[in-house]
Protein chains: 2
Amino acid sequence: MIGVISRVESAAATRRALLDAAADLLDGGGPDAVTLREVGARAGVSRGAPYRHFPDKDSLLTTVAAEALDRLAEQVRAVRADPRQPPADRLRHALSALMTIGRRRPHLYRLMFTTPAGDPAAIQAATRAADRAMDEFLAVVGDLIGAGQARQFAALLLTSAHGITDLEVSGHLSADKWDITAEELVSTLVSMIDQRARSA
Amino acid sequence: MIGVISRVESAAATRRALLDAAADLLDGGGPDAVTLREVGARAGVSRGAPYRHFPDKDSLLTTVAAEALDRLAEQVRAVRADPRQPPADRLRHALSALMTIGRRRPHLYRLMFTTPAGDPAAIQAATRAADRAMDEFLAVVGDLIGAGQARQFAALLLTSAHGITDLEVSGHLSADKWDITAEELVSTLVSMIDQRARSA
DNA sequence: CTTGTTCAGGTGACAATGTCATCTGAAAAT
DNA sequence: ATTTTCAGATGACATTGTCACCTGAACAAG
């Protein structure tokens, strides 16, 4: 029956609208710009309504982060499954997905890699999503250099890519000072690892 | 004359007390725990007094970050000037100074590498301090591999060390998942760079 | 020494915001 | 048909950043 929605469907739609509104406000002006009142207004409900779906503001934001980490994990999985690219390029693309989030949605990126706050359920969801994303990265690295030494090199690559992205996001990686782009840094690193793994 | 303080001396002392109080509160519970009222109380003044020294809360926090970046720059300078250590160890120690801040004062570390906010003067002070710290790192790398290629490798090292520290601070670098410590990561990276620079 | 000025600091006030207690109405279960 | 459940609305409150205004003492100019 088109147009007929049950109570749980309506609640789910509201929850979705709340998350989308929170993400929009976050993109617009950072965490301080995410106001529960404004989130409610944009979702078409009142100021107290968000509390029917999230215990508090931290939990709402942590859930936004968890969803973003889930999408990242999915992106990396898709990149890994693409047979048209050689393993080294797949790794570059996977890391590029991370950096693209940082460039396009800096506040969201920051949130994704902050210590999750809020109620235990939200924290656990975010932690699990982060673990899944990292596992996908680990698999991509494993495809390149073998599962044996993958852990160590994956840790190196992930932390490096994150550092590059985070410093660029915060403006501390000005191109005129270092005359090197984030892509060049990652590419250099991937090459170094590829070479070292081969010679080891 | 002991005990006799002028007006400007008193004002300077208050400003210092405000910055110290803000840093303490930051360490205790993050940026949200830094309340201008509590900052004033701990500094022995009232709620509105901070506005005689800082235009707004953001400027106060940005000044705290600027001072921390200044101390970091000084630490790296000291490490570089120590003739007892070989260049590679000096580099390891310099990067270790960064990671130690992250471990001991995670909230301060986060603040140091966030986009500075507040009035232009505070932002400029923080930016200059960050530049100075990075220049010191650059010099340490230059001592190891020569000023020629130092820029590229310094960028690689700094971003990596920051990523390692930041992920560890935020809890996303759990040891049981990666079975590798931050020190091992940095050490591996320094060795790789050292080797690559030598062979280039 | 007197007088006017500067300025750190104090206080009242206000708006924004997170959060809770309470109420309501309709959907779902009985 | 009656009861229960629950998303949502609303009033209220404490906290907090910020501003306007006031005060008193240190300092300078005469």
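Just so it is clear, the values below take in all heavy atoms, side chains as well, and ignore hydrogens, waters and symmetry mates.
Atom CG in A/L69 sits 7.0 Å away from atom NE2 in B/H172 (nearest 0.5 Å). Note that CZ of B/R77 and CG of B/D135 are 10.0 Å apart. Values are rounded to the nearest 0.5 Å.
A salt bridge between B/D131 and B/R128 is absent, with no side-chain N of the basic residue lying under 4.0 Å from a carboxylate O of the acidic one. A salt bridge links A/R103 with A/E183: at least one charged nitrogen is closer than 4.0 Å to a carboxylate oxygen.
As a whole-Å value, the separation of A/D56 CG from C/dT17 C1' is 14 Å. Note: CG (B/D58) to C1' (D/dT18) measures 12 Å, nearest angstrom. Taking atom CZ of B/R52 as the reference point, atom P of D/dG24 lies 16 Å away to the nearest angstrom.
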I'd like a list of close polar pairs between nucleotides 14-16 of chain D and the protein, N/O only, cut-off under 3.5 Å.
unit_1, atom_1, unit_2, atom_2, d
D/dT16, OP1, B/T35, OG1, 3.4
D/dT16, O5', B/T35, OG1, 3.3

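Checked against side-chain contact (heavy atoms from CB on, under 4.5 Å), B/D176 has the following partners two or more places apart in sequence or in another chain: B/S174. Taking the side-chain contact (heavy atoms from CB on, under 4.5 Å) definition, one finds that A/A133 meets it with A/L72, A/A73, sequence neighbours left out.
Nearest nucleotide to the side chain of B/Y51, out of C/dG9, D/dG17, D/dA7: D/dG17.
Residues B/L61 and B/I123 fall into different hydrophobic clusters, defined by Ile, Leu, Val, Met, Phe, Trp and Tyr side chains chained together at heavy-atom separations under 4.5 Å.
Side-chain contact between A/D56 and A/D119 is absent, with no heavy-atom pair separated by less than 4.5 Å.
Using a 4.0 Å cutoff on non-hydrogen atoms, the parts of residues 40-49 of chain B near DNA chain C are B/V45, B/S46, B/R47, B/G48, B/A49, ordered by number. Within residues 16-24 of chain B, no residue has any heavy atom closer than 4.0 Å to DNA chain C.
Between A/Q152 and B/L185, the shortest heavy-atom distance links the atoms O-CD2, 4.1 Å. Taking each heavy atom of A/L26 and A/L108 in turn, the nearest pair found is CD2-CA, 3.6 Å.
Side-chain nitrogen and oxygen atoms of A/H53 include at least one within less than 4.0 Å of the OP1 or OP2 phosphate oxygen of D/dG8.
Evaluation of the salt bridge (Lys or Arg N to Asp or Glu O under 4.0 Å) test over residues 39-48 of chain B, restricted to residues two or more places apart or in two chains, returns B/E38-B/R42.
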